[in-house]
2 protein chains.
Amino acid sequence: MKTVKKKRLSEMVADEIKQYIKKENLTSGDRLPAATELMSALGIGRSTLREALQLLESQDILEVLNGKGTFIKDAKPFYIRTAFDVENEKNFLLDALDVRIALEGKAVDLAVHKATEKDIAIMQQHLTDYVRYINESKREQANRADARFHQALYEAADNQLLTSIIDSVWDTFHQFWNEPFGQDDIFDQSYPFHVSLLEAIQQRDTVAAADSFQKMMESVKSSIEKYQE
Amino acid sequence: MKTVKKKRLSEMVADEIKQYIKKENLTSGDRLPAATELMSALGIGRSTLREALQLLESQDILEVLNGKGTFIKDAKPFYIRTAFDVENEKNFLLDALDVRIALEGKAVDLAVHKATEKDIAIMQQHLTDYVRYINESKREQANRADARFHQALYEAADNQLLTSIIDSVWDTFHQFWNEPFGQDDIFDQSYPFHVSLLEAIQQRDTVAAADSFQKMMESVKSSIEKYQE
DNA sequence: CACTATCAACCTGTATGAAAGGTTAAATTT
DNA sequence: AAATTTAACCTTTCATACAGGTTGATAGTG
């Protein structure tokens with residue numbers, strides 16, 4: 001038995017608009033007809049059209065700009081979209097950490113070769129901020145400075161794809177990380193590795209950089225494993 | 001990485017609803033208040049609420065059912081979404097390859113420890129298929145057998161998050177890979193490394209596995225670099 | 001009594017007109 | 001010529017009305 005789910009009008013309209021785009025060969029910054037025109041052309045109401053457009057917008061196909069109109073977005077050939085539920089936070093964090101180690105480890109490797117003087121100066125600045133906030137017991141701000149340090153590291157690696165994937169993983173990881181675990185002790189453990197990591201990058205020492213990063217991740221991992229749910 | 005864009009009301013409402021869900025600790029199949037209630041509670045119009053709900057629906061957080069109500073979906077908390085556009089195919093492929101090396105390298109490492117007998121048997125089967133198709137000059141089918149071999153490898157690594165991200169990268173990579181480059185010579189170069197990789201996994205030899213994988217990727221990389229655009 | 005058809009209450013889906021902004025370029029003023 | 005106002009054309013949001021799906025109570029029928 002096939003379950004033919006009853007589609008909403010807006011979804012069908014979204015498909016029609018997609019077809020229209022393909023038929024008219026619209027690309028890049030081209031503009032779609034105004035809402036009133038589409039409404040009458042498709043024989044639908046404004047709310048339906050709006051939902052259809054928003055659906056396409058959420059798929060990065062369109063961009064609806066107030067006062068201007070709706071425009072075709074650059075077709076993004078690379079697209080990750082994953083959602084799944086986490087039944088066991090601890091195991092999920094360990095999995096996510098493995099992914100983070102893989103990606104960020106590569107970022108470290110690339111940064112050793114590609115980091116410019118400016119990149120290093122930026123990382124140095126964030127690290128200084130980080131240490132200051134730690135000493136002032138400003139956990140929240142220290143947290144953000146740490147994030148900026150890592151962000152600068154990814155940018156030094158000069159690989160956009162790598163950066164964008166790490167960003168997503170980082171966001172998710174920290175969303176879970178900050179909730180169930182106290183990260184206070186992590187700071188103190190991982191701080192020296194931040195310093196030695198930056199030094200290794202500065203000296204273009206691949207092995208030392210990998211080693212510092214490895215130790216940094218070990219301390220995070222052991223913290224997760226210590227946690228009993 | 002702050003992009004302060006002017007948010008639409010519906011987006012802000014979506015955030016409020018997300019907060020509401022968290023605050024009220026709603027999970028799984030719980031029902032959200034009816035539209036009319038939310039409208040008056042949030043002080044917004046129907047269309048705005050609808051857009052907010054649809055936004056959350058497109059993120060797999062909600063499900064709006066005609067006649068019944070809107071319900072929290074069970075697949076919730078982890079959500080990764082990345083879009084990326086390509087300006088230079090060759091550089092993109094090299095960047096994507098770095099990402100693939102990072103992720104798949106980690107998968108190899110995990111697979112060495114975690115692969116079951118069954119995992120190994122499946123990989124063996126796909127590898128055999130792969131070799132047969134190569135010898136029969138069936139490039140297309142060999143390609144698919146190769147993909148299945150790698151897919152089996154990721155599953156042996158037993159890390160859902162890792163697998164889902166690799167899948168996306170792999171898809172994208174091959175979508176570009178098959179177009180501009182002839183991959184015929186790659187097959188012959190990388191085939192022996194597939195064999196030695198599987199053997200190393202079978203013998204739980206981390207170093208040998210990493211080495212085989214490394215060489216496999218080197219041959220891909222040199223092929224990309226040889227390509228003059 | 002058991003079974004079925006109907007209805008009422010509550011829900012989402014869609015349409016529509018009006019009002020409130022945003023954007024741009026032409027028209028008007030300085 | 002430069003600055004300002006206006007007008008045309010957009011999207012955004014609201015309020016209201018009605019159509020249509022879902023469910024359980026209710027009334028009717030054998």
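Within every chain, numbering begins at 1; the chains are lettered A, B, ... in the order of the sequence lines, protein sequences first and strands thereafter.
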Ring geometry between B/H150 and B/W170 (parallel below 30°, tilted from 30 to 60°, perpendicular above 60°):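 The rings of B/W170 and B/H150 sit tilted, inter-plane angle from 30° to 60°.
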
Minimum-distance nucleotide to [X] side chain [options: [options]]:
| X | options | value |
| --- | --- | --- |
| B/A34 | C/dT14, C/dC11, D/dC10 | C/dC11 |
| B/N66 | D/dT12, D/dG20, C/dA15 | D/dG20 |
| B/V64 | C/dA15, C/dT12, D/dT11 | C/dT12 |
| B/T70 | C/dT14, D/dA15, C/dT12 | C/dT12 |

Pairwise side-chain contact, B/T70 with B/L38, heavy-atom cut-off 4.5 Å (strictly under):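 B/T70 does not reach B/L38 side chain to side chain.
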
Any side-chain heavy-atom pair of A/L32 and A/I21 under 4.5 Å: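 A/L32 vs A/I21: side chains touch.
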
d([atom1], [X]; [atom2], [N]) in whole Å:
| X | N | atom1 | atom2 | result |
| --- | --- | --- | --- | --- |
| B/K7 | C/dG22 | NZ | P | 18 Å |
| A/R31 | C/dT24 | CZ | P | 11 Å |
| A/E63 | C/dT23 | CD | P | 13 Å |
| B/L49 | D/dT12 | CG | P | 17 Å |
| A/L9 | C/dT16 | CG | P | 12 Å |
| B/L38 | D/dA15 | CG | C1' | 17 Å |
| A/E51 | C/dA15 | CD | C1' | 12 Å |
| B/L53 | C/dT14 | CG | C1' | 15 Å |

Distance test, side-chain N/O of A/K68 to OP1/OP2 of D/dC9, below 4.0 Å: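 No, outside the criterion.
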
Flag for B/D167-B/S164: side-chain donor and acceptor within less than 3.5 Å: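 The criterion, which ignores hydrogens and geometry beyond distance, is not satisfied for B/D167 and B/S164.
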
B/D129 side chain to B/Q125 side chain, donor-acceptor N/O pair below 3.5 angstrom: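 Yes, B/Q125 and B/D129 have a side-chain donor paired with an acceptor closer than 3.5 Å.
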
5'-most by nearest nucleotide on DNA chain C - B/S47 or B/L32: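 First, find each residue's nearest nucleotide; the 5'-ward one identifies B/L32.
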
B/R46 (side chain) and C/dT14 (base): donor-acceptor pair under 3.5 Å: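 Per atom types, the contact qualifies.
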
Base, sugar-phosphate alone, or nothing: which one does [X] contact when heavy atoms must sit under 4.0 Å apart?
| X | result |
| --- | --- |
| B/R8 | sugar-phosphate |
| A/T48 | sugar-phosphate |
| A/G67 | base |

